[in-house]
Every structure is written in structure tokens, then in C-alpha cells.
Amino acid sequence: MDALGKGVQAPTAAGLGQEATEQAASAAKPGATAAEAAGASSASVLKHDAAAVGVSGASLSTGVELLALGASVADSLRNLRTSLQKRAGAGFHNARRKAKVKAADAAASVVSTGANAGAVAKEAVKVEGVASTAASAEASGVLSGVAGVAKSMRAFRKAGMAIHKRRQLKKLPDAETAHAGLLTGLKAPADAEEQRAIAAYDQVAALERELAQGSPREGLQDAFHAAVRAYEAAVEREVQVKLPYLQALDDARTVDATKKLAKKKQASKIFKEGTGGLGEGLKGAGGIATVAIVATGALASNPAGWIVAAVGAGLVLATAGYKGVRSGIGRFNEAHHPERYTPHGEEVPEAKPTWESLKHAMKVWKKVSRYKRQLAAHKLYAMLSRPDTQPELRRSAEDLLVLLKAGPDDHGQSPAQWRASFTDPDKKADWIKEITDQLGS
């Protein structure tokens, strides 16, 4: 709603208001033609309509920002209380980070509310005449400029942090490649045992064919039973040797897949924050341009301010739409394909039909609970919490967590305490939530 108000209704009102102002200014000129004078009445009506649309859009945005302000303050206080209770660990870091983010969101809402209030005042006095419009436009332009620049700087800062994190992730070597020696060392004995098991099976098959001929030689039955026992023992040894290799290979691929997802999320964040920051910057530039135009007395003939702001609002609207579509896809997939995103060992929910999944996707107030990040977090945590994980692969997973800002320093713990928390069942939910959030932050 807020994005629609800012991205569609507000620019539309500004455009109508600009057209009305131009008509009124032309009609008021000395020596205006009869057609220009006749346009004064229609300009007045258009100005009233534009003002009504503008007041409506700015009021909508103000209301939404006030609601967002209240929600952000409440979330910030709740997470601050949680962080003070936990004091250390994954739950502490997650709550402290969200408390800071929500506090910053609240500050942004305060700035936006001030800008929206100025927009309401500007639209409300437009019907008073060009002079009043100019005065109100100048005040509103200052507020819009400050809000746009502040929000733009915040977005560009987030984009810069995402760029830095993505570069660090790209420097982290792929686990499957870095630990090729370890995997080869585990694979060689597994392959040898597999060949022994195949040979033992071939021996059983040969003796079984000989028995089927109907004239068994002396001792053939005993040889067959001995071959079966040897085959069973060979298969058991093969399983014992091959399982560590397959588990290590899966762990290496888990680390690599999680790193790949993290890089993808950072690239998405760079695009979203960069586009949003550019949009907010253009909106702020539009407000500053309006102030400059008012200072020259050319408000009626120069639409540059509202055009620049409208372009910025369009970028903000596009960013909001991009976020909404991606979230909707996640909600649809978690409802329609739960088997893809349910962690190993958990009960798979019943898949919903397409129509029900689409309705679930439209529930914009619901967060995605089972999708790519959540599944990756479960897999990485399962690897770190297992006692038999290969030490080299464990270190790769830990290095990845450190780059994701989920290391011991971030959690306020010593490395030993941090590692011990992986095996604490009471910390499992905190860890999965922490990894899930850090993959996308």
C-alpha cells in the first residue's frame, strides 16, 4: 500500500498539479487570450482534483509509516529484551542484530512520516494559489530531500556491505575442491571394498549355478554357504568403509551449496538495495530540485522536480514489487512442493493443490517458513552438530559461518563455547534461525 501510494498516487498527483499550475499561470498573464482565460476555471478544478489525490496518497503513506513506526519500535524493544536475557550465543546475536535493524527502521519511519506530513500540507494548500503552492512546495521539498537522502544513504550502505560480504565469500575455497585429498583418501578404500564385495558376489553366483545343474560335487554345499557368509561380511565391510566417504562428500557439497546460496542472496541484496537507494536518492533530488526551482520563481513552468521524484518513486515501487514477487514464489513453493524443502528426518506436510498454494502465496503478511534458506540452515547445522564430521570439513563450515557474521566474536563467546553450542539441543532452534537470517542479511 505504501509503495503504491508513493510510486503511483503521489507522482500522479504531482503531474496533475503541475499541469494545473501551468494552466493557471497562463490564464493569469496580462494579455492572455480568451482560450487561456477560459482555461482558468478548468485549471482550478484540476488543481482541486490534484490536491485531493495528493492529500489522499500522502495521507495513506503517512498512515502506513506510522504503523510501521509502531511495529518497528515494538520489535526493537522485544528483540532488545531477548538479547539482554540471552547475553551470548546464536539467539543473542540474532536478537541484538534485529533490535538494531528495527531501531534503524523506526528512525527511517520518523523521517518518512515528516516528509509525508509535509506532502499532505503542500497538497492541502495548493488550492490557495501559486504563491501558497510555491511556499508549501519549498517546505515539502526540503523534507522530501532530507528523507530521500537519509534513506538512500542507508540503502547504499547496505549494498556496500553486501558487496564486501560477497567478495569475501568468493575468496572462500570450494570445500569439495579444497578437500579433494581427504575425499580421495576416503574413496580409495571404499572402492577397494566394493570390488571385494563384487568378487564375493560373483563367487556366490558361480557356486549357485553349479548347484542348479543337479549333480553337485562333494563339498559344494559347504563351499556355497561359506561363499554366502564371505559375501555378507564383504558387504558389511563395504558399508562401514563407504559411509564415511559418502557422508564427507555430502558435507563438502553442503558447505559449497550453502556458500553458493549466500552469494546469490548477497547479489540479490545488492540489486534490491542499490535500486531502492537510487530511487530514494532520486526522490530526494526531486525535492531539492523543487526547492531550487521555487527559489528561481519558475515553479509553474519547470516540472523537473516532480519528474525526478516520480522516476525515483517508480524505482522504489519496482524494488517493492521485486521483493513481493520473490516472497510470493517462496510461499507458493513451500505449500506446493513441501517435499523439496522439508529437512531430513522431519515429517513432510501434505502438498497443497495449485489454487490453495496460490492463495497461500498471496498472504503477504506471512513469512516464508520452509524454503531454500531454511533447508540450507538445517543441513549446515546437522553437519556441525554431528560428532563424526570430518575435522577439515567442519573447519570449512565454521569459516563460512564466520564470513556470514555468525562466528564466536559475533556471538560474544570463546571459540570453544561457540563450538560446544552446536551440540546443545536447546540451542538448535536458535542456530537454525541464526543461519537462516544470516544467509539473507
Side-chain angles (χ1 to χ4, degrees), residues 172-262 339-348 372 375-401 419-425 428 431-432 435:
L172 194 68
D174 289 341
E176 192 171 354
T177 302
H179 302 299
L182 168 68
L183 295 174
T184 301
L186 293 171
K187 188 175 186 295
D191 290 343
E193 290 298 336
E194 182 181 1
Q195 293 303 314
R196 293 189 186 97
I198 291 173
Y201 174 79
D202 291 341
Q203 181 66 21
V204 171
L207 292 172
E208 189 175 27
R209 285 193 299 270
E210 188 176 349
L211 282 169
Q213 292 177 358
S215 55
R217 58 183 169 80
E218 184 180 352
L220 180 59
Q221 195 71 36
D222 292 339
F224 175 74
H225 290 306
V228 169
R229 289 193 296 272
Y231 171 66
E232 291 173 347
V235 170
E236 186 176 348
R237 288 194 304 273
E238 180 191 3
V239 171
Q240 290 175 347
V241 175
K242 185 170 282 189
L243 275 178
Y245 164 68
L246 294 176
Q247 188 65 73
L249 180 62
D250 184 64
D251 287 344
R253 290 175 177 175
T254 292
V255 175
D256 290 342
T258 305
K259 185 182 75 169
K260 182 179 179 181
L261 179 61
E339 74 283 354
R340 298 180 184 176
Y341 308 108
T342 299
H344 178 71
E346 292 189 12
E347 183 179 356
V348 180
K372 296 177 183 179
L375 182 61
H378 274 88
K379 287 184 175 181
L380 194 66
Y381 173 79
M383 171 188 171
L384 288 164
S385 62
R386 259 192 357 260
D388 60 345
T389 301
Q390 295 292 330
E392 297 91 334
L393 294 170
R394 184 185 295 277
R395 282 195 293 273
S396 289
E398 290 174 353
D399 290 343
L400 177 58
L401 285 180
R419 293 188 180 96
S421 66
F422 294 130
T423 57
D424 186 348
K428 178 179 178 179
W431 260 116
I432 290 174
I435 297 171

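When each of Arg253, Lys260, Lys259 is paired with Glu176, the salt bridge (Lys or Arg N to Asp or Glu O under 4.0 Å) condition holds for Arg253 and for no other. Of the residues Glu398, Arg419, Lys379, the one that meets the side chain to side chain contact (heavy atoms under 4.5 Å, CB included) test with Leu384 is Glu398.
Shown here for Glu238 and Glu193, the closest heavy-atom pair between the two residues is CA-CB, 3.8 Å. When all heavy atoms of Ala197 and Ala234 are compared, the pair lying nearest together is CA-CB, 3.8 Å. The shortest heavy-atom contact between Glu346 and Thr342 is O-CG2, 3.7 Å. The minimum heavy-atom distance linking Ala223 with Leu207 is given by the pair O-CD1, 3.5 Å. Considering every non-hydrogen atom in both Ala175 and Leu393, the closest pair reads CB-CD2, 4.4 Å. Closest approach of Glu392 to His179, counting heavy atoms only: O-NE2, 3.4 Å.
Distance check, rounded to the nearest 0.5 Å: OG of Ser396 to CG of Asp256 gives 8.5 Å. Separating the NE2 atom in His225 from the CZ atom in Arg229 is a distance of 8.0 Å, to the nearest 0.5 Å. Leu186 CG to Lys242 NZ: the interatomic distance, rounded to the nearest 0.5 Å, is 13.0 Å. To the nearest 0.5 angstrom, Thr258 atom OG1 is 8.0 Å from Ile435 atom CD1. Rounding to the nearest 0.5 angstrom, the gap separating the NE2 atom in His378 from the OH atom in Tyr381 is 10.0 Å. Annotation: the span from Leu220 atom CG to Glu218 atom CD amounts to 11.0 Å, rounded to 0.5 Å.
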Full working for side chain to side chain contact (heavy atoms under 4.5 Å, CB included) between Arg340 and Leu375: CA-CA 9 Å; Arg340 298 180 184 176; Leu375 182 61; over 6 Å; no
Candidate pair Gln390 and Leu182, rule side chain to side chain contact (heavy atoms under 4.5 Å, CB included), full reasoning: CA-CA 9 Å; Gln390 295 292 330; Leu182 168 68; 3.9 Å; yes
Test side chain to side chain contact (heavy atoms under 4.5 Å, CB included) applied to Thr389 and Phe422, step by step: CA-CA 12 Å; Thr389 301; Phe422 294 130; over 6 Å; no
Side chain to side chain contact (heavy atoms under 4.5 Å, CB included) evaluation trace for Lys187 with Leu183: CA-CA 6 Å; Lys187 188 175 186 295; Leu183 295 174; 6.0 Å; no
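Every side-chain contact (heavy atoms from CB on, under 4.5 Å) that Val204 has, sequence neighbours left out, goes to Phe224, Ala227, Val228, Tyr231.
Other residues, nucleotides and ligands contribute over 12 non-hydrogen atoms within 6.0 Å of the CD atom of Glu339.
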